[in-house]
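These notes are about the structure you will find just below.
Chain identifiers are assigned alphabetically (A, B, ...) following the order of the sequence lines, protein sequences preceding nucleic acid strands; residue numbering begins at 1 within each chain.
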There are 2 protein chains.
Amino acid sequence: MVTIKQVAELAGVSFKTVARVVNKEPGVKASNVEKVEDAIAKLGYRPNKAASLIRKKQSDIIGFISDEISTTPASVAILKGAQDMAWEQGKTLMVFNLDLKHPNKDKLYEECLQHRSEGIIYGAMYHQSVEFSELFKTLPTVLVNCVSAQNDFTSIVPDDELAGYYVTKQLLYKGYRRIAFLNLNPEIMAAQQRQQGFLKAMQEYGIPEEQWHIDTIEKVVEGRTVNIAGEVAKQVIQEFKPDAVLCGKDLAAIKVYLVLERLGLTIGKDIGVASFDNWHDIPEILEPQLSTMALPYYEMGRMAVAQVLGLITNKNKAHQPTHYKVPCLLFDRESF
Amino acid sequence: MVTIKQVAELAGVSFKTVARVVNKEPGVKASNVEKVEDAIAKLGYRPNKAASLIRKKQSDIIGFISDEISTTPASVAILKGAQDMAWEQGKTLMVFNLDLKHPNKDKLYEECLQHRSEGIIYGAMYHQSVEFSELFKTLPTVLVNCVSAQNDFTSIVPDDELAGYYVTKQLLYKGYRRIAFLNLNPEIMAAQQRQQGFLKAMQEYGIPEEQWHIDTIEKVVEGRTVNIAGEVAKQVIQEFKPDAVLCGKDLAAIKVYLVLERLGLTIGKDIGVASFDNWHDIPEILEPQLSTMALPYYEMGRMAVAQVLGLITNKNKAHQPTHYKVPCLLFDRESF
DNA sequence: CACAAGAATGACAACGTTGTAAAAATGATT
DNA sequence: AATCATTTTTACAACGTTGTCATTCTTGTG
């Protein structure tokens, strides 16, 4: 690779002058700027970030560690948001994926440390509580889509309770009175919080207990999550006979749509359907289009970077970890 | 950050001895190894990769540039595959996303160059032809899920023609004789190649032209791709009355399922449905489960890294760019 | 006990940058 | 033309490593 000294030689100036031109520092004669820029172009010189890092002690790198995040479509948006924000702030994201074969967070953290990452973002696939070792205290660290078991890290999660509350209120507002909530696996934090919101809305409207039904569309068998949305949907719709179904995720809503089609019920008229996710293309491909609570993943990714940059700048100041709950947006389409 | 010299001081040896321990070089007395390791643990020392890079002139970084890839669920697997392979080979992936706001490939390539990336992978969201500037010739570069307009880069794409051929053959083999192919936007390379495969299979079976029907589920309106799978599916099924429907993507298959449910047709019995993608959870959530041609994204990601590493090692040798077509696998479930 | 051979260690340059301070060139003023 | 202030340029140390080579310490042998 061509170095700053080679450029200097070709341009006939000292290498420091070249450095000034490269870093747009003032105090270089116009004629020299031109000579240097010509030489740079001719040789195809690019500054070596690594060299600059050792000297400046600033890497401009943010580590992004994800627990399998990048295989799950919805939360990929977190990464995208983080990427965008990082780029806007002149930072580079270094992405590492945890997976079943390498479930060792600490090893990836070490990797980030060796690259002199200035801060770390840890992102989870679904809203959950995660255990972290002391190692994670080394650098400014922000959690996204999860919280730590000890609540000792700044975290950014969707406001699932508010989301559950809001969508239920909307259903009630539109006149639905007999609602089936087909929730996610209740071990998931998101499921619990949404359920709280759901119940709160129900109570506020004074809906008696026999007017709603909560069921789960996921079963955990030997550690693996099994989807049983199909059977549950069919059974609940036929036996409980709700006038609206609230689904834990858009994928489950597909199931509900299929069941309702078979039964000849018209969605949005005979029965309302709502859901959570706003998962890439699915709500729009369904007919009628699915009204669903969008999880603000992209925005959360952006916030994570913003927060971690904040922590980096205020590194020395003591601070309390903050827990951000990002509101979810209802995409109000045609299904209820 | 703590440096090798601080470790040396605490351990009471020269910093060179510490370096030897860190890099597991031979020729250090056991007692000193222990002293050094203690000091490292006590101070929390981690080698500075940037410093090592300048000296060794080896960054172990591979740049991954994607055109919006990471927002699209299916092809995220490319990234995951690349990530895994890179990690196994002791390399670090540096991921950059192109998007509508920053559609400048060259700028991201520059970024990779500044990090002294050893090679570049360019990944596309869907199988297509892309234009590259001369800049992309700077480093060993491999394209994944796309080819260059001039065919002058090593590329890795799914074998869409074979996939189209194979799935059609399977349909025919199982006795379906009146097949509707609801293809993707015909401007997409994948659509064209699959159609060729489809036609080849039809000809080999000697199926007359009036026995099949090809239609498109996407329309391009003012540069944006609009999904019209719903209308097309309804119309084609009712008018052409196929005994099997081959969908361009799993999302479109959802539409077809809904139409068939409404018509009261039993999928896998009255009518067969096949598709392309094997898109995360969708085929399995449908009932009956969708038989679909899986696009080998994960494997392609792995191959891309493997190829780029090959190019890096043989950098000096002249080579012809190779074009790999990765076979797709039929996930044979219950829908035909 | 002297010596050689081999093992272990250390001193120091080098990598490509940035930062600091001193030197040189330029221009304005007398 | 001499002086001074200002602008521009250069020389060189520093960053945290690795690589080279010289030095010191062990150990075994005669």
Practice item. May I have the distance from A/K35 (atom NZ) to D/dT8 (atom P), rounded to whole angstrom? Key: 14 Å
Point to revise | Donor-acceptor under 3.5 Å (A/Q128 side chain, A/Y126 main chain) | key: yes
Practice item. Determine the interplanar angle of the B/H115 and B/F96 rings, folded into 0 to 90°, and report it as parallel if under 30°, tilted if 30 to 60°, perpendicular if over 60°. Key: tilted
Exercise for review: Rounded to the nearest angstrom, tell me the gap between atom OH in A/Y45 and atom C1' in C/dG16.
Suggested key: 8 Å
Check your understanding: Among residues 9-22 of chain B, which contact DNA chain D at a heavy-atom distance under 4.0 Å?
Key -> B/F15, B/K16, B/A19
Exercise for review: Output yes when at least one side-chain N/O atom of A/N23 is less than 4.0 Å from OP1 or OP2 of C/dT18, else no.
Suggested key: yes
**Study point:** Atom-to-atom span, CG of B/N48 to C1' of C/dT17 - whole angstrom
**Key:** 13 Å
**Study point:** Side chain of B/K56 (C-beta onward), nearest among C/dT17, D/dG16, D/dT18
**Key:** D/dT18
Exercise for review: Between A/I54 and B/P26, just flag the one whose closest nucleotide in DNA chain C comes earlier from the 5' side.
Suggested key: B/P26
**Study point:** Other residues, nucleotides, ligands: >12 heavy atoms within 6.0 Å of A/E34 CD
**Key:** no
Exercise for review: Could you check B/A51 against B/S31 and say which one's nearest nucleotide on DNA chain C is further toward the 5' end?
Suggested key: B/S31
Review point. Under 4.0 Å between a side-chain N/O of A/K57 and OP1 or OP2 of C/dT18, yes or no?
Key: no
Exercise for review: Provide, to the nearest angstrom, the distance between the CD atom belonging to B/E25 and the C1' atom belonging to D/dT17.
Suggested key: 12 Å
Check your understanding: D/dG16 P sits how many Å from A/Q114 CD, rounded?
Key -> 16 Å
Practice item. Mark yes or no for a side-chain to base donor-acceptor pair under 3.5 Å between B/R55 and D/dT18, with no hydrogen or angle criteria applied. Key: yes
Point to revise | Whole angstrom value for the distance that separates P of C/dG16 from NE2 of B/H115 | key: 18 Å
**Study point:** Touch class at under 4.0 angstrom, heavy-atom based, for A/K5 against every strand present
**Key:** base
Check your understanding: Under 3.5 Å, is there a donor-acceptor pair linking the side chains of B/T141 and B/Y109?
Key -> yes
Point to revise | Nearest to side-chain heavy atoms of B/I4, which nucleotide of C/dG16, D/dT17, C/dT17 | key: D/dT17
Practice item. Whole angstrom is fine here: how far is it from CZ in B/R116 over to C1' in C/dC15? Key: 12 Å
Exercise for review: State whether the side chain of A/E118 and the backbone N or O of A/D60 hold a donor-acceptor pair below 3.5 Å, judged by distance alone.
Suggested key: yes
Review point. In a check of side-chain contact (heavy atoms from CB on, under 4.5 Å) between B/V326 and each of B/L295, B/I156, B/N145, which one passes?
Key: B/I156
Check your understanding: Does the ring centre of A/F132 sit less than 6.0 Å away from the ring centre of A/Y122?
Key -> yes
**Study point:** Rounded distance in Å - CG (B/L53) to P (D/dT17)
**Key:** 13 Å
